[in-house]
Amino acid sequence: MTLTFTRFLAQFNSTGNDKAQGYDKSHFVGLSDDEKIKVFGLLEEELIAPGVIGWLFFLDTNKTEAALLNYLVSSKKPAAGSHRILIALYHYTQNERYLNDFEDDFHQLDEWEKEEAIQIYVEYVHEEERRSRFFKKIFG
């Protein structure tokens, strides 16, 4: 077992403020191939937690896209955290389909998710015309 894997497990199993600190490169760089597979599986358990999706993409882009799509399909629509997932899929793949799905599903989100979804949208969508259309659609 590498030191990196030990560090990852300590963070994965932490609670409270320690858990809220999240992951950084020191939790992933230096993992063996077998450890990467284990870590990926563990992170899938925290799929919609803030920051986790980025680390899944860091470990394996193709596997992450498939895992996220599977989560969306297997959950009732919209899935909890779907706004995070769709924006992340758009960000990492640049596939417009994910951004379209995000915009179409926005009105179905819980109120707390809508606030966060708007923040995430502003952070990752930089095309002014697109943003303007989206905000006009949701705010009238």
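Just so you know, these numbers use all the heavy atoms, side chains as well, and skip hydrogens, waters and symmetry mates. The first residue of the sequence shown is numbered 1, and numbering continues consecutively from there.
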### Side-chain donor/acceptor of E35 to backbone N/O of T2, under 3.5 Å
yes
### Query
Which pair of heavy atoms, one from I53 and one from A88, lies closest together, and at what distance?
CG2-CB, 3.4 Å
### Message
Taking the side chain as everything from C-beta on, heavy atoms only, tell me whether I120 gets closer than 4.5 Å to R84.
### Response
yes
## Note on the structure
Here the gap from E113 atom CD to H83 atom NE2, rounded to the nearest 0.5 Å, amounts to 5.0 Å
### Query
Does the side chain of L68 come within less than 4.5 Å of F57's, by heavy atoms?
yes
### Message
Measuring centre to centre across the rings, with the benzene-like ring taken for any Trp, is Y124 within less than 6.0 Å of Y90?
### Response
no
### Message
For F28 versus T4, what's the shortest heavy-atom pair and its separation?
### Response
N-CG2, 3.6 Å
### Query
In terms of ring plane angle, is the pair F58 and W55 parallel, tilted or perpendicular, where the classes change at 30° and 60°?
perpendicular
### Message
As a test of understanding, state which of L72, L89, I87 forms a side chain to side chain contact (heavy atoms under 4.5 Å, CB included) with Y98.
### Response
L89
### Query
Would M1 end up clustered with L42 when hydrophobic side chains under 4.5 Å apart are linked, directly or stepwise?
yes
#### Entry: Pairs flagged by salt bridge (Lys or Arg N to Asp or Glu O under 4.0 Å) wherever residues 129-140 is involved - sequence neighbours left out
E96-R130, E103-R130, D104-K137, E129-R133
### Message
Under a 3.5 Å cutoff, is there a donor and acceptor pairing between the side chains of D24 and S26?
### Response
yes
### Query
Within the side chain of Q108, is there an N or O that forms a donor-acceptor pair under 3.5 Å with the backbone of D105?
no
### Message
Please tell me whether F106 and F134 form a close aromatic pair, meaning their ring centres lie under 6.0 Å apart.
### Response
yes
### Task
Would you please classify the geometry between the Y23 ring and the F8 ring as parallel, tilted or perpendicular, with 30° and 60° separating the classes?
parallel
### Nearest atoms (heavy-atom pairs only) where L56 meets L47
CD1-CD1, 3.6 Å
#### Entry: Closest heavy-atom pair and its distance - A117, L109
CB-CD1, 3.8 Å
### Query
Under a 4.5 Å cut-off applied to non-hydrogen side-chain atoms, are E45 and F12 in contact?
yes
### Task
Look at the side chain of E44 and the backbone N and O of T64, then say whether any donor-acceptor pair between them is shorter than 3.5 Å.
no
### Summary
dist H27:NE2 -> L9:CG (nearest 0.5 Å) comes out at 10.0 Å
### Query
With a 4.5 Å limit on heavy-atom distance, are the side chains of E65 and T61 in contact?
no
